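First the structure, in the form of structure tokens, and then the observations on it.
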Amino acid sequence: MQKLIILFLFLGSCVYAQGNLDIRAGYLGPKDTKNSMMFGVSFGNSFDEAVKIGIGADFYHKSYSKMSKVAIEEGKLTEIRTEQKLVDYSRTIIPINLDIRVKIPAAQVYNFGYFVRGGLSYQLLWSQEKNYEDDSKDMRRFGGLGWQAGAGVYYQIGSRSTAYAGALYNSCEVSRDMSRGEKSLPIAQYVDLSGFGFQIGVELDLQ
């Protein structure tokens with residue numbers, strides 16, 4: 001895992017040579033955890049007016065509880081549900097992304113156009129859990145390779161700034177190795193972080 005992160009950072013230092021800064025915010029709905037806001041930043045290099053390669057990271061955090069129904073009481077006008085809390089989750093996801101973005105100017109519309117993007121990522125998950133059934137606490141750390149793809153629209157605000165908005169799809173299943181179980185068989189745990197989302201942001205030319 002550490003070697004992969006170092007590789008991403010090395011590639012990022014290469015694309016940062018010309019210096020474009022991308023600041024963004026959005027929303028992500030991973031399959032095996034709850035939806036939440038996501039914030040990110042990246043540095044990149046624009047090779048021409050259409051193509052940009054960049055590296056960056058996003059930050060996602062969500063706290064939530066897993067509940068179970070205990071009983072349902074029906075009155076004349078209302079329904080009363082009794083629930084008990086099973087597990088508290090506090091989850092942080094950090095995807096480290098290396099991607100390429102291609103702009104497609106709109107015909108006869110000044111400073112407006114479309115873009116498509118895609119790339120690879122190494123995604124980290126920290127999951128802090130409190131289990132009320134067996135009165136235990138645990139911090140689980142996961143990691144795994146994934147990819148992202150998206151499309152949207154952009155508007156050039158000025159000579160060195162561009163605003164954009166678009167949809168994205170994140171595909172990644174992170175895992176962690178555990179101690180060997182019976183018969184010396186290896187055991188692993190997985191969390192599926194795949195899901196759809198959207199982002200809005202601004203790209204600044206630092207040259």
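Note that the structure is predicted; figures quoted are calculated from it, not measured.
- With rounding to the nearest 0.5 angstrom, the CG atom of Asn20 is 12.0 Å from the CD1 atom of Ile53.
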Assess whether side-chain contact (heavy atoms from CB on, under 4.5 Å) is satisfied between Arg24 and Phe39, documenting all intermediate values. CA-CA 6 Å; Arg24 56 187 177 267; Phe39 304 92; over 6 Å; no

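- The OG atom of Ser42 sits 9.5 Å away from the CD1 atom of Ile55 when rounded to the nearest 0.5 Å.
- Side chains of Leu125 and Thr92 form no contact here, defined as non-hydrogen atoms less than 4.5 Å apart.
- In this structure, Ser127 OG and Met139 CE are separated by 8.0 Å, a value rounded to the nearest 0.5 Å.
- Enclosure of atom OH in Tyr89 by more than 12 non-hydrogen atoms of other residues, nucleotides or ligands within 6.0 angstrom is indicated.
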Asn97 vs Asp58, test: side-chain hydrogen bond (donor to acceptor under 3.5 Å, both in side chains). Steps then yes/no. CA-CA 8 Å; Asn97 309 304; Asp58 293 299; 2.9 Å; yes

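- Taking 4.5 Å as the limit, every side-chain heavy atom of Tyr155 sits out of range of all side-chain heavy atoms of Val153.
- Linking ILVMFWY residues whenever their side-chain heavy atoms come closer than 4.5 Å, directly or via other members, places Phe142 and Tyr60 in the same cluster.
- Counting only residues at least two apart or on different chains, the salt bridge (charged side-chain N to carboxylate O under 4.0 Å, His left out) pairs with a member in residues 117-129 are Arg91-Glu129, Asp99-Arg117, Glu129-Arg140.
- You'll find the side chain of Arg141 stays beyond 4.5 Å of the side chain of Leu124, heavy atoms only.
- Panel note: side chain Ser194, backbone Cys172; a donor-acceptor pair is recorded below 3.5 Å.
- Annotation: side-chain hydrogen bond (donor to acceptor under 3.5 Å, both in side chains) contacts of Trp147 (sequence neighbours excluded): Ser171.
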Trace of the side-chain hydrogen bond (donor to acceptor under 3.5 Å, both in side chains) decision for Asp138 with Gln128: CA-CA 6 Å; Asp138 196 7; Gln128 184 173 352; over 6 Å; no

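- The two residues Leu28 and Gly195 make their nearest non-hydrogen contact at CD1-O, 4.0 Å.
- Under the 30°/60° scheme for interplanar angles, the aromatic rings of Tyr114 and Phe112 are found to stand perpendicular.
- Here the closest non-hydrogen pair linking Ala163 and Ile157 is CB-CD1, 3.7 Å.
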From CA spacing to verdict: side-chain contact (heavy atoms from CB on, under 4.5 Å), Gln123, Asn170: CA-CA 10 Å; Gln123 305 192 17; Asn170 181 69; 2.6 Å; yes

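- Residues that satisfy the side-chain hydrogen bond (donor to acceptor under 3.5 Å, both in side chains) test with Glu173, not counting sequence neighbours, are absent from this structure.
- Between Leu21 and Phe43, the shortest heavy-atom contact is CD1-CE2, 3.5 Å.
- More than 12 heavy atoms of other residues, nucleotides or ligands sit less than 6.0 Å from atom CD1 of Ile23.
- Both tests hold for Arg101 against Tyr164: distance to the six-membered ring centre under 6.0 Å, angle to the ring axis within 45°.
- Every residue meeting the side-chain hydrogen bond (donor to acceptor under 3.5 Å, both in side chains) condition with Asp88, not counting sequence neighbours, appears here in chain and number order: Ser65, Tyr132.
- Note: Leu204 CG to Arg160 CZ = 9.0 Å, rounded to the nearest 0.5 Å.
- The side-chain hydrogen bond (donor to acceptor under 3.5 Å, both in side chains) test applied to Ser159 returns no partner, not counting sequence neighbours.
- Legend: residues meeting ring-ring contact (aromatic ring centres under 6.0 Å, His included) with Phe198, ordered by chain and number and at least two apart, are absent.
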Please test Tyr64 against Thr33 for side-chain hydrogen bond (donor to acceptor under 3.5 Å, both in side chains), starting from the C-alpha separation and ending with a verdict. CA-CA 9 Å; Tyr64 62 97; Thr33 187; 3.1 Å; yes

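- Shown here for Tyr122 and Leu145, the closest heavy-atom pair between the two residues is CD1-CD2, 3.7 Å.
- How far CD1 of Ile94 is from OG of Ser121: 12.5 Å, rounded to the nearest 0.5 Å.
- The shortest side-chain heavy-atom distance between Lys103 and Thr162 falls under the 4.5 Å cut-off.
- The distance between the ring centers of Tyr169 and Phe196 falls below 6.0 angstrom.
- A salt bridge links Glu203 to Lys52: at least one charged side-chain nitrogen sits closer than 4.0 Å to a carboxylate oxygen.
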